*Asks:* 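One structure, as structure tokens, below. Some questions next.
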Amino acid sequence: MALSREQVAMRVAQELQDGYYVNLGIGIPTLVANYVPAGIEVMLQSENGLLGMGPYPTEAELDADMINAGKETVTAIKGAAIFSSAESFAMIRGGHVDLTVLGAFEVDQNGNIASWMIPGKLVKGMGGAMDLVAGAMNIVVTMTHADKYGNSKLLQSCTLPLTGVGCVKKIVTDLAVLEVRNGAFHLLERAPGITVEEIQQKTAGKLVVDGEIPEMQFN
Amino acid sequence: MALSREQVAMRVAQELQDGYYVNLGIGIPTLVANYVPAGIEVMLQSENGLLGMGPYPTEAELDADMINAGKETVTAIKGAAIFSSAESFAMIRGGHVDLTVLGAFEVDQNGNIASWMIPGKLVKGMGGAMDLVAGAMNIVVTMTHADKYGNSKLLQSCTLPLTGVGCVKKIVTDLAVLEVRNGAFHLLERAPGITVEEIQQKTAGKLVVDGEIPEMQFN
Amino acid sequence: MAGFNKVVHSYEDAMAGLQDGMTVIAGGFGLCGIPEGLIAQIKKMKTKDLTVVSNNCGVDGFGLGILLEDRQIKKMVASYVGENALFEKQLLSGELEVELTPQGTLAEKMRAGGAGIPAFFTATGYGTPVAEGKETREINGRNYVLEPAITGDFAIVRAWKADRYGNLMFRHTSMNFNPMAATAGKITVAEVEEIVEPGELEPSQIHTPGIYVQRVIKGSFEKRIERRMVRQG
Amino acid sequence: MAGFNKVVHSYEDAMAGLQDGMTVIAGGFGLCGIPEGLIAQIKKMKTKDLTVVSNNCGVDGFGLGILLEDRQIKKMVASYVGENALFEKQLLSGELEVELTPQGTLAEKMRAGGAGIPAFFTATGYGTPVAEGKETREINGRNYVLEPAITGDFAIVRAWKADRYGNLMFRHTSMNFNPMAATAGKITVAEVEEIVEPGELEPSQIHTPGIYVQRVIKGSFEKRIERRMVRQG
């Protein structure tokens with residue numbers, strides 16, 4: 001069965017390593033913070049200028065001057081640092097953030113990503129997404145494998161305007177975990193109960209299936 | 001009579017305006033701080049990262065972590081700001097410093113300045129001088145009008161490697177105050193007792209003498 | 001120091017000299033850290049044809065959004081807009097021009113403007129619509145886009161504490177774009193929560209040295225929250 | 001947070017991995033704000049053929065100057081050198097190569113290296129020997145030089161206070177080049193006067209966020225004064 005949003009977040013959380021600085025995008029990526037594996041500590045970077053983002057505030061802690069990149073009120077952990085937007089993107093652009101998790105409309109087999117603009121629809125802007133995909137060492141994209149009409153979002157070549165080129169390394173969808181490498185999607189894991197055939201059928205780009213593909217493990 | 005170092009500094013100090021941010025180079029420029037006219041306040045920028053430089057410390061105030069760009073121990077005035085070298089040169093390069101006073105080996109009639117390198121002698125480096133001459137809105141050069149052999153330092157074209165091109169606006173020497181404009185030195189003032197003829201004789205570049213040239217006034 | 005007393009006592013004085021067609025760089029991220037009173041003054045002045053550079057354009061009825069009501073903004077340079085219906089309407093009708101700029105590039109363009117760097121290379125936006133018409137170059141095996149700096153006739157920022165020399169400190173994440181915006185204005189106006197005596201701000205903890213700031217005004221702030229999220233305490 | 005505890009307890013651990021031929025970026029201005037113990041450790045390791053990037057190269061017997069004694073430095077990138085006789089001697093004999101870089105350009109090259117900006121334009125040095133062999137360009141009527149960024153295999157900095165996450169604060173003008181150097185090392189090592197608990201440093205007053213710092217060591221410092229000037233108090 002296709003994964004729920006929470007399950008996708010749980011699977012992405014398995015990509016975390018101890019000591020990682022991580023930037024989580026809006027939506028499913030935000031949920032990843034709830035599933036950090038035991039024994040592993042990560043520090044969350046919020047691109048509006050906060051390293052060491054904590055949970056939402058209590059009523060007593062609420063402060064209009066303390067927000068995250070999603071413009072939500074937030075807290076800072078002990079040992080956090082707060083800085084300007086230029087410093088924040090120096091970190092991001094300079095490759096100091098270990099992992100970025102973000103959503104997308106489309107990804108293609110060359111690691112290109114389209115996530116910010118659908119021609120004909122109102123374009124609200126790219127925010128920090130272009131900087132994040134250009135700067136992070138390690139990008140994981142979360143999205144549904146196909147749109148609601150069954151059209152694949154894993155393409156030979158993105159059809160929408162790009163957010164970044166050749167930058168996506170890993171994709172976690174509701175059906176599979178895939179690695180982007182050498183111009184192809186390499187299937188690494190299946191969602192529980194999902195067949196390779198179904199993944200193949202919903203992957204428009206080149207899919208490499210090498211040997212037995214294990215099911216994802218959730219503890 | 002040719003001005004003393006102190007008199008050159010006193011004359012340069014007349015260029016100060018209330019509210020000016022000023023960077024003073026090593027040597028005679030440093031002395032300018034002693035002659036700030038009454039009723040005028042300036043703030044001294046030291047390019048190692050201090051805005052609001054104060055006097056030398058007392059024995060009690062001495063602190064190895066508090067130095068100026070000449071690597072001398074120094075103090076900060078109330079209301080000073082301390083920052084990184086990148087921030088300091090952002091101020092300088094970005095044109096936020098109102099006036100820079102510095103010494104030179106040569107200046108030419110096109111406002112070029114040579115102040116850091118004499119071929120054949122050991123080259124110690126340009127420090128912040130190239131940034132200062134490229135960045136300040138307003139540059140005053142202090143130097144002797146001629147070298148100890150009587151050779152002019154105000155040339156048609158600099159002979160030494162340059163520090164900056166077309167940047168010098170004003171020169172205060174031991175003999176004269178001159179403005180650099182339209183490819184010529186325009187004589188503005190004479191040192192007391194110095195004749196226009198002597199200045200002309202010691203100026204190798206094009207000198208414009210327009211009307212009666214007043215003597216410098218010291219109060 | 002008369003020459004360094006940058007405190008003004010009215011919003012009229014704070015924004016004096018702002019004219020039709022000027023470029024205004026504004027600090028703030030969403031509604032956090034915005035100079036509320038200075039924006040209100042621009043509305044009052046009815047200045048037109050402004051180019052506004054800011055990460056966002058406020059919401060309907062608050063922040064930079066209020067400058068849309070009388071069509072004072074001709075062009076918006078931002079990374080994310082359209083949190084307000086009026087913005088959408090003016091954009092779709094062609095009354096408002098928008099130059100979308102990646103958030104980090106926008107921050108760096110402001111910093112570069114203030115720091116005398118006319119242009120810089122960045123990988124951000126390479127191969128995307130952002131790079132169209134711009135010079136690109138491969139450096140050490142990666143592709144980069146050349147981005148020009150931004151400067152403004154005015155910069156308007158909000159700070160927490162200031163002294164009369166214009167030294168500024170920002171509070172928590174209301175810092176965001178404010179320090180870079182402050183460096184990039186020909187005239188930079190800081191609207192602040194508190195004015196303290198020179199010397200009260202520790203020199204090495206000043207975020208924006210006073211050299212960048214021409215005017216300081218004490219404001220009072222609503223500090224509207226855009227997305228109020230709380231947990232059970 | 002095991003993963004974020006960056007404190008090491010020996011200088012051997014602090015500089016582990018430094019190898020012949022590497023590039024080391026060092027903070028400090030003159031003898032102010034230099035990582036004395038880390039420099040001593042490099043001397044002890046006898047690492048050779050180093051490229052050292054620092055505003056200055058210390059004096060005879062102190063600071064980076066001690067790395068000249070056993071000819072550990074192959075190339076120096078600096079804005080002002082030669083405060084020591086040994087430096088002069090090695091330079092004149094051709095044993096030591098020097099790349100003189102304007103001070104502001106040097107600071108910006110380090111910042112750019114840390115910030116993922118591979119190159120930037122600056123007016124500094126246009127028309128001078130510094131611009132030789134470099135691309136120049138007229139932008140809005142002024143001439144500029146394209147300067148590439150600098151990064152290092154190691155960066156060594158001195159800070160005042162640190163927490164175990166690597167957040168740093170600098171003291172007075174010992175800040176100087178340290179914040180930029182800290183961003184530009186693949187491995188950045190901070191030698192500090194005091195290590196405090198996370199949370200003791202006010203988040204918005206941290207000069208260098210811990211993300212840039214891989215190792216922290218508590219040092220003790222001589223803090224030699226280069227030009228001791230005092231007035232009668």
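Proteins come first, then strands; the chains are lettered A, B, ... in the order of their sequence lines, and each starts at number 1. Just so it is clear, the model here is predicted, and its values are computed rather than measured.
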*Asks:* Is it the backbone or the side chain of C/Leu106 that comes under 4.5 Å from a heavy atom of chain A, or both, or neither?
*Replies:*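 Neither; nothing under 4.5 Å.
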*Asks:* Side chain from CB out, backbone as N, CA, C, O: work out which of these in C/Met229 comes under 4.5 Å of a heavy atom of chain A, or both, or neither.
*Replies:*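 Both parts, backbone and side chain.
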*Asks:* Does some side-chain heavy atom of A/Thr73 sit less than 4.5 Å from a side-chain heavy atom of C/Arg227?
*Replies:*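 No. Closest side-chain heavy atoms not under 4.5 Å.
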*Asks:* Between A/Phe89 and C/Gln103, is any pair of side-chain heavy atoms under 4.5 Å apart?
*Replies:*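 SC-SC contact between A/Phe89 and C/Gln103 confirmed.
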*Asks:* Where on A/Ser46 is there a heavy atom nearer than 4.5 Å to chain C: the side chain, the backbone, both, or neither?
*Replies:*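 Neither part.
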*Asks:* I'd like to know if A/Asp63 and C/Arg171 make a salt bridge, using a cut-off of under 4.0 Å between side-chain N and carboxylate O.
*Replies:*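 Yes, A/Asp63 and C/Arg171 are salt-bridged.
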*Asks:* In terms of heavy-atom proximity below 4.5 Å to chain C, should A/Asn68 be classed as side chain, backbone, both, or neither?
*Replies:*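 Backbone only.
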*Asks:* Side chain, backbone, both or neither: which part of A/Ala60 has a heavy atom under 4.5 Å from chain C?
*Replies:*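 No part of it gets close to chain C.
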*Asks:* Looking at A/Thr58, A/Asp65, A/Thr75, which one has more heavy-atom pairs under 4.5 Å with chain C than the rest?
*Replies:*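 Of the candidates given, the most pairs with chain C belong to A/Asp65.
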*Asks:* Can you tell whether the side chains of A/Glu59 and C/Arg228 come within less than 4.0 Å, N to carboxylate O?
*Replies:*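 Answer for the salt bridge query: yes.
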*Asks:* Quick one: does A/Glu61's side chain get under 4.5 Å of C/Arg231's, heavy atoms only?
*Replies:*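 Touching, per the 4.5 Å side-chain cut-off.
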*Asks:* Is it true that, when you exclude C/Lys89 itself, more than 12 heavy atoms of the residues, nucleotides or ligands shown sit nearer than 6.0 Å to its NZ?
*Replies:*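 Count not over threshold, so no.
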*Asks:* Side-chain contact, heavy-atom cut-off 4.5 Å: C/Glu226 with A/Ile67?
*Replies:*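 Side chain of C/Glu226 against side chain of A/Ile67, heavy atoms only: no contact under 4.5 Å found.
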*Asks:* In Å, rounded to the nearest 0.5 Å, how long is the span from CG of C/Asn176 to CD of A/Glu87?
*Replies:*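 Separation between the atoms: 14.0 Å.
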*Asks:* Identify the heavy atoms of C/Tyr80 and A/Gly125 that sit nearest to each other, and give their distance.
*Replies:*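 Between these two residues, the closest heavy atoms are CD1-O, 3.6 Å.
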*Asks:* Around C/Lys43, counting heavy atoms of other residues, nucleotides and ligands shown, do more than 12 lie under 6.0 Å from its NZ?
*Replies:*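 Yes - once you tally the heavy atoms of other residues, nucleotides and ligands closer than 6.0 Å, there are more than 12.
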*Asks:* Pick one of side chain, backbone, both or neither for C/Glu132, based on which atoms fall under 4.5 Å of a heavy atom in chain A.
*Replies:*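 For C/Glu132, neither part sits under 4.5 Å from chain A.
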*Asks:* Between A/Cys167, A/Gly127, A/Gly135, A/Ser84, which shows the greatest number of heavy-atom pairs under 4.5 Å with chain C?
*Replies:*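 If we count pairs closer than 4.5 Å to chain C, A/Gly127 comes out on top.
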*Asks:* Report yes if the side chains of A/Lys71 and C/Cys32 come closer than 4.5 Å at any heavy-atom pair, otherwise no.
*Replies:*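 Heavy-atom side-chain distance check fails, nothing below 4.5 Å.
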*Asks:* In Å and rounded to the nearest 0.5 Å, what is the CD1 to NE2 distance from A/Ile82 to C/His207?
*Replies:*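 With rounding to 0.5 Å, CD1 (A/Ile82) is 9.0 Å from NE2 (C/His207).
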*Asks:* Quick check for you: to the nearest 0.5 Å, what is the distance between C/Phe177 atom CZ and A/Asn48 atom CG?
*Replies:*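 Taking CZ in C/Phe177 and CG in A/Asn48, the distance rounds to 9.5 Å.
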*Asks:* Between A/Lys124 and C/Glu83, does any side-chain N to carboxylate O distance fall below 4.0 Å?
*Replies:*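 The answer is no: the pair does not qualify as a salt bridge.
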*Asks:* Any side-chain heavy-atom pair from A/Met130 and C/Leu100 closer than 4.5 angstrom?
*Replies:*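 Result no, sub-4.5 Å side-chain heavy-atom pair not found.
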*Asks:* Pick whichever of A/Met66, A/Glu47, A/Glu72 has the most heavy-atom pairs under 4.5 Å with chain C.
*Replies:*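 Most heavy-atom pairs under 4.5 Å with chain C: A/Glu72.
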*Asks:* Go through A/Pro55, A/Gly49, A/Gly164, A/Pro161 and name the one with the most non-hydrogen pairs under 4.5 angstrom from chain C.
*Replies:*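 Sorted descending by pairs with chain C, the first entry is A/Pro55.
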*Asks:* Between A/Tyr56 and C/Val230, is there a side-chain heavy-atom distance shorter than 4.5 Å?
*Replies:*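 Contact flag for C/Val230/A/Tyr56 side chains = no.
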*Asks:* In the structure I gave you, are the side-chain heavy atoms of A/Leu62 and C/Ile225 within less than 4.5 Å of one another anywhere?
*Replies:*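 Yes. Closest side-chain heavy atoms under 4.5 Å.
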*Asks:* At a heavy-atom separation under 4.5 Å, does C/Leu31 approach chain A through its side chain, its backbone, both, or neither?
*Replies:*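 Neither; nothing under 4.5 Å.
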*Asks:* Please determine, among C/Gly33, C/Pro102, C/Gly30, the option with the most heavy-atom pairs under 4.5 Å with chain A.
*Replies:*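 So the answer, after comparing C/Gly33, C/Pro102, C/Gly30, is C/Pro102.
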*Asks:* Kindly give the heavy-atom pair with the smallest separation between C/Leu91 and A/Leu122, and that separation in Å.
*Replies:*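 Where C/Leu91 meets A/Leu122 most closely, the heavy atoms are CD2-CD1, 3.8 Å.
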*Asks:* Go through the atoms of C/Asn56 and report whether side chain, backbone, both or neither lie under 4.5 Å from a heavy atom of chain A.
*Replies:*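 Side chain only.
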*Asks:* Quiz question: by atom type and distance under 3.5 Å, do the side chains of C/Thr124 and A/Asp131 form a donor-acceptor pair?
*Replies:*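 Note: C/Thr124 and A/Asp131 side chains meet the donor-acceptor criterion.
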